[in-house]
Structures are given as C-alpha cells and as structure tokens.
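As structure tokens, the structure follows; a few thoughts come after it.
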Amino acid sequence: MSEKPDLNAISHDLRAVRLEKLAQLRAAGEDPFRAEWDQTHVAADCPSLLPEGVEEGPEVSVAGRIVALRVMGKASFVKVLDRSGVQQCYFTRDALGDRYDAHFKKLLDLGDFVGVRGRLFRTKTGEVTVRVTEYRLLAKALRPLPEKWAGLADQDQVYRQRYLDLVVNEESRRRLMARSRIIESIRRFLWSRGFLEVETPALHSVAGGAAARPFQTHFNALDCDFNLRIALELHLKRCLVGGLDRVFEIGRVFRNEGYSPRHSPEFTMLEAYQAYSDYRGMMELVRSLIQTAAREALGTTSIARHDGTVIELGGEWREAKYKDLILERTGDPQWFSRTKEEKIAACRVLGLEEPRADWEDYEVTNEVFGKLIEPTLIQPTFVTHVPKELCPLAKITRGDATTIDVFELCINGQEIAPAYSEQNDPGVQREMFQIQAGAEQHKVDEDFLLALEHGMPPAGGLGVGIDRLAVLLTGAANIRDVILFPTLRPSANP
RNA sequence: GGCCGGAUAGCUCAAUGGUAGAGCAGUUGACUUUUAAUCAAUUGGUUCGGGGUUCGAGUCCCCGUCCGGCCA
C-alpha cells in the first residue's frame with residue numbers, strides 16, 4: 001500500500017472520493033459500518049453537565065452525524081448532530097496522535113456518523129465542547145450533504161428525500177418533531193380523561209362516516225372489493241354500542257380527492273366519542289385538548305401567523321350560529337327564504353364562481369360559508385346550528401328541524417374539528433343515510449344500522465384533523481410540511 | 001382539469017441571442033479555541049428531454065416530462 005491514492009483525479013466525483021476513502025478504511029482493517037458505540041449522553045444533556053464557573057466537566061460519550069467540520073491544522077472543531085441537537089467536539093493531534101492526521105483528517109467527511117468520547121470543557125467563546133480522547137467512525141456517508149447554509153430548497157427533493165431535509169433544515173426537524181409531541185400530548189390528555197385508545201379497521205366494505213370518494217382495492221382471498229376508510233366514525237360508535245363508553249382512535253384516513261396545500265390524500269384523524277355527553281361537552285373537550293397540546297408542545301397558546309396576526313388559543317372561544325354568519329356575510333336577512341335561483345344570483349354579486357347547476361339549495365349556501373366566511377375565521381370559533389343536510393350522523397336540534405346539534409371548530413381560516421351530538425335513533429339514522437345515498441343505496445352501512453338497533457348510548461363525538469392542527473400550531477405553510485413523507489407521484493428516475 | 005411560474009455543477013443561485021459563472025461542498029497545501037472559520041491553488045456542466053428559428057440558443061418558438069402556486 002505504498003502508492004498514493006489519487007483523490008485529485010476523481011475529486012469532481014464526490015461519491016467516488018468517498019468510495020475510495022471507504023476502500024482505504026477497509027484496507028487498513030477498519031469496518032466503516034461498525035455498530036458498537038456506547039452513547040451515554042445526547043447533545044442537549046451537555047450544557048447542564050458543565051455549570052458556569054466549572055473548568056472541566058465529566059466524560060461524555062455522544063454519537064451522531066458530522067454536520068460541520070472545521071479543520072485548523074493540528075486542531076479541529078466538529079459539530080455532531082443527534083436527536084436532541086448539535087454537539088461541538090474538539091479533535092486535536094495532541095490527544096489523538098497520528099490517528100488525527102492519518103484517519104480523522106484524511107478519511108472522515110461531512111455526513112459521516114461518528115461516536116465521540118471525552119470530557120466537557122468550555123471554549124473561549126463559551127460553547128460547551130467535548131475534548132475528544134476517543135472516537136470511532138460508525139457509518140460512512142457515500143454521498144454529500146446539501147449545502148450547509150442555504151440548506152435544501154428544492155421542494156420536490158425536500159419531500160422525496162426528507163432525510164436530507166431533516167439533517168440540514170433545522171426548521172423542518174423542529175416542525176416535524178413538534179407534530180409528534182402534539183400527538184403525544186393529545187394521547188396523554190385523552191387517557192387522563194378515561195378514554196380508551198382503540199384500533200379499528202382501515203379496510204371497509206362500505207366507506208362511511210363522511211362524504212368523500214374512497215380509494216378502492218381488492219381483497220383476493222375473499223374475492224371482494226374493499227375501500228380504504230374515509231373516516232373512523234362508524235366503528236368507534238360500534239364500540240359505544242359495546243359499552244366502551246369513552247373511546248378514541250388516532251388513525252390514517254384516505255380520501256381520493258383533491259391535492260392541495262390543505263389537502264393530503266392520506267391524513268391523520270383523531271376521533272373521540274364520549275357517552276352521556278353531547279356536542280357542548282365536546283366544546284370543552286376540544287378546547288382543553290388543543291390548549292393542552294399547544295402548551296405542552298410549544299409552551300404557549302399564542303400562535304404568530306406569517307402575516308403578523310396572532311391566534312390566541314387561550315381562554316374561552318367564540319361561538320357563532322351558522323345562519324347568523326350567513327345572514328351577516330350576505331347582508332340579506334331573508335336569505336333562507338330565497339329560492340335557489342335567487343341565492344345563485346346573489347353568489348354572483350358576492351363575487352363567487354358560478355355554482356354548479358346540479359347543486360342542492362343548501363350547497364349554494366354552504367359555498368358562501370366555505371368561500372367567504374370560513375377563511376375569515378382566524379381566531380378559534382365554534383360554528384353551531386349547522387344545516388342538517390351537511391351531516392347525516394348528528395342529532396336534529398330540538399325546536400329547529402332544519403339544524404343539527406353540532407359545531408365546526410374553525411381556526412386559522414379552516415375547519416379544524418367538527419363535533420356532534422351523535423345520532424342514536426336507528427330509524428332517523430336510516431332515513432338520513434338513505435337521503436344521503438340517493439341512488440346509491442348500496443352505500444348504506446347496514447351493519448352499522450344493525451349495531452344502532454342494539455342501542456347506542458347518547459354521546460358526543462369529536463373529530464380533529466391532526467395535520468391541520470399541526471399546520472396551525474407550527475405555522476407551516478403547507479400540509480405536506482407536517483407530514484414526514486407526503487404522497488408524491490412516483491419518481492421517474494430513481 | 002384550467003391558468004401562471006420554474007427546471008443551469010453534489011447543494012444554493014447567476015449569466016442583453018455572442019467563450020456557461022459564483023458561493024458552499026470536493027481535491028491539494030498552510031493554520032492548536034473555530035462559530036457560514038480563514039488564506040492560497042484547483043477539479044467539476046448532456047443548461048430536464050425532443051424538435052424548430054438563427055451565422056450563433058441556457059436565453060426565442062413548439063411539443064413533452066416533472067415540480068410549485070392560484071383556481072376548479
């Protein structure tokens with residue numbers, strides 16, 4: 001091994017250079033992917049181990065990916081990224097001898113995983129640093145990291161190679177970790193209220209519980225078609241029938257519809273059902289749940305938006321009746337006595353796109369709500385007394401046959417969480433299903449109606465779009481920014 | 001599905017229709033407390049693909065692919 005390897009000749013090929021280094025490591029008898037390393041601490045532990053005024057701290061052993069490499073002759077500073085953050089380490093020829101020049105300087109690269117051991121000290125600028133006395137390469141990276149300062153900007157690559165985004169874009173790492181902490185907090189909150197977490201099927205023969213086009217698939221063994229679920233609702237209610245009177249599920253649902261910054265074809269829903277409660281009970285539940293998640297995951301209930309406004313999640317939340325919002329926005333006290341044609345004409349005046357001819361009357365009104373009112377509901381607002389046509393699974397309001405006992409919780413200009421006083425009259429439920437199904441009566445979930453006939457306790461039910469909640473709490477611009485691996489068109493050239 | 005914008009070195013980005021460049025990363029060297037380290041030298045290009053206009057196309061035109069935004 002006397003001939004000098006010519007890295008210069010291949011220096012334009014970043015991968016070839018690293019493969020050559022890999023070969024040199026192996027030629028020297030080292031396994032570049034050796035596993036063992038006793039990690040005793042993470043980066044976030046280190047500052048507290050070296051209190052102010054103390055010269056030298058205890059020995060620590062950390063591990064992670066090299067994300068910065070500053071070589072200055074016989075001493076070098078290296079930043080190592082682990083799950084908790086970045087730890088600076090100080091490598092010197094004095095401490096490491098010949099290995100410093102022959103191994104550390106020649107064969108390690110940005111992106112490599114290393115284990116590092118040494119005592120903590122403070123640099124002259126005050127940064128707590130590991131004075132390395134021992135280190136080991138744990139995994140060689142054969143490809144370079146994206147640029148260290150600008151990070152990774154190409155949106156497609158951010159989503160397709162999220163691991164690179166996580167390594168170099170701190171903001172992405174922080175945001176996606178916040179999502180996990182939000183979900184963790186929600187689970188703890190519901191457990192503390194006596195809810196049982198359950199898992200229900202994702203393959204449904206009838207995709208019910210919401211109005212959405214499902215993804216379809218086929219089960220070979222039974223030779224029958226299934227749909228991926230579009231909601232969790234109907235199985236969780238079967239749990240209520242069975243006496244599990246506080247249940248929740250956090251699960252993936254699939255809707256074969258639009259794809260936009262606010263819509264992902266697969267997204268995560270929380271649904272919770274509490275027997276002997278109703279939609280008013282769900283108001284308190286969801287408000288406490290979101291406030292708790294915000295405090296635990298973010299440490300605050302004040303969310304700054306990009307336009308400078310602040311969403312205040314603390315305290316009580318506004319309530320507004322759907323009809324009042326419509327009357328206020330259209331400026332027409334007689335709105336609900338107008339014919340469909342008059343409403344469509346009014347939509348034109350309000351600057352809305354032409355409603356489609358096959359729309360029902362209530363759909364025209366709901367277009368006003370969806371396009372002109374919901375986007376303006378930035379501060380938390382419970383929209384109540386919603387027209388019954390919009391949800392066939394809720395109880396009719398006593399004293400007003402046109403509305404249902406529900407709320408739509410809107411924050412940040414979008415619906416975050418609907419909740420109902422759940423319909424438990426099997427006769428009324430069947431009628432509502434049949435109206436909704438129209439010509440497609442095979443879409444009525446008879447199995448669910450059978451369960452209802454066995455008796456379901458009165459209950460409040462709540463759904464929370466977890467992705468949208470994460471968008472709200474983290475200030476993300478796009479739902480895909482809070483989903484680790486968003487659905488994408490398959491890559492053309494792998 | 002419609003309209004608009006984009007695709008150039010590993011990454012982030014430049015380039016009146018006239019020799020494709022910079023920073024970072026890489027390579028070589030100097031440097032024992034750096035903080036986007038610094039300094040010197042240096043490698044690296046099917047300008048997304050195909051066609052057209054032109055003496056000449058990264059740039060203009062057409063078709064396609066992919067991505068993003070707005071709308072449906």
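Every chain is numbered from 1, with letters handed out A, B, ... down the list of sequences. All values below come from the heavy atoms of this structure, side chains included, with hydrogens, waters and symmetry mates left out.
Residues that satisfy the salt bridge (charged side-chain N to carboxylate O under 4.0 Å, His left out) test with A:R338, not counting sequence neighbours, are A:D332. Judged as a salt bridge (charged side-chain N to carboxylate O under 4.0 Å, His left out), and not counting sequence neighbours, A:D45 has no contacts. In terms of the salt bridge (charged side-chain N to carboxylate O under 4.0 Å, His left out) criterion, A:K74 has no residue partners (sequence neighbours excluded). A:K79 is linked by a salt bridge (charged side-chain N to carboxylate O under 4.0 Å, His left out) to A:E127, counting only residues two or more places apart in sequence or in another chain.
Below the 3.5 angstrom threshold, one finds a donor paired with an acceptor across the side chain of A:T123 and the base of B:rU34. Donor-acceptor pairing under 3.5 Å, judged by distance alone, is absent between the side chain of A:E127 and the base of B:rU33.
Base engagement by A:F121 is indicated by at least one non-hydrogen atom pair under 4.0 Å involving a base atom. Here A:K148 lies in heavy-atom contact (under 4.0 Å) with sugar-phosphate atoms only.
Counting only Watson-Crick and G-U wobble pairs whose two key distances fall under 3.5 Å, RNA chain B forms stems of three or more stacked pairs at B:1-7 with B:65-71, B:10-13 with B:21-24, B:26-30 with B:38-42, B:48-52 with B:60-64.
Taking every heavy atom of residues 103-116 of chain A and every atom of RNA chain B, pairs under 4.0 Å involve A:K106, A:L110, by number.
Listed by first then second residue, pairs satisfying salt bridge (Lys or Arg N to Asp or Glu O under 4.0 Å) with a partner in residues 463-488 of chain A read A:R179-A:D467, not counting sequence neighbours. Residue pairs that meet the side-chain hydrogen bond (donor to acceptor under 3.5 Å, both in side chains) test with at least one member in residues 56-68 of chain A, sequence neighbours left out, are A:W37-A:S61, A:E56-A:R119.
Checking the phosphate oxygens (OP1, OP2) of B:rU33, no side-chain nitrogen or oxygen of A:R131 falls inside 4.0 Å.
For the C1' atoms, the distance linking B:rG64 with B:rU43 amounts to 35 Å, nearest Å. Rounded to whole Å, the P atom of B:rG26 lies 23 Å from the corresponding atom of B:rG21. Nucleotides B:rU46 and B:rA20 are separated by 14 Å at their P atoms, to the nearest Å.
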Nucleotide N/O to protein N/O under 3.5 Å, stretch nucleotides 2-4 of chain B:
none

Between protein and nucleic acid, restricted to nucleotides 68-72 of chain B and to nitrogen or oxygen atoms under 3.5 Å apart, what atom pairs and distances do you find?
| from | atom 1 | to | atom 2 | distance (Å) |
| --- | --- | --- | --- | --- |
| B:rG68 | OP1 | A:R480 | NH1 | 2.6 |
| B:rG69 | OP1 | A:N478 | ND2 | 2.8 |

Could I get a table of every N or O pair under 3.5 Å where one atom is in the protein and the other is in nucleotides 43-50 of chain B?
none

Donor-acceptor contacts under 3.5 Å from residues 373-381 of chain A side chains, at least two apart:
| from | atom 1 | to | atom 2 | distance (Å) |
| --- | --- | --- | --- | --- |
| A:E374 | OE2 | A:E415 | N | 3.3 |
| A:T376 | OG1 | A:I373 | O | 2.6 |
| A:Q379 | OE1 | A:E312 | N | 2.9 |
| A:Q379 | NE2 | A:V310 | O | 2.8 |
| A:T381 | OG1 | A:Q379 | O | 2.9 |

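Nearest-nucleotide positions on RNA chain B for A:F77 and A:Q157 put A:Q157 closer to the 5' end.
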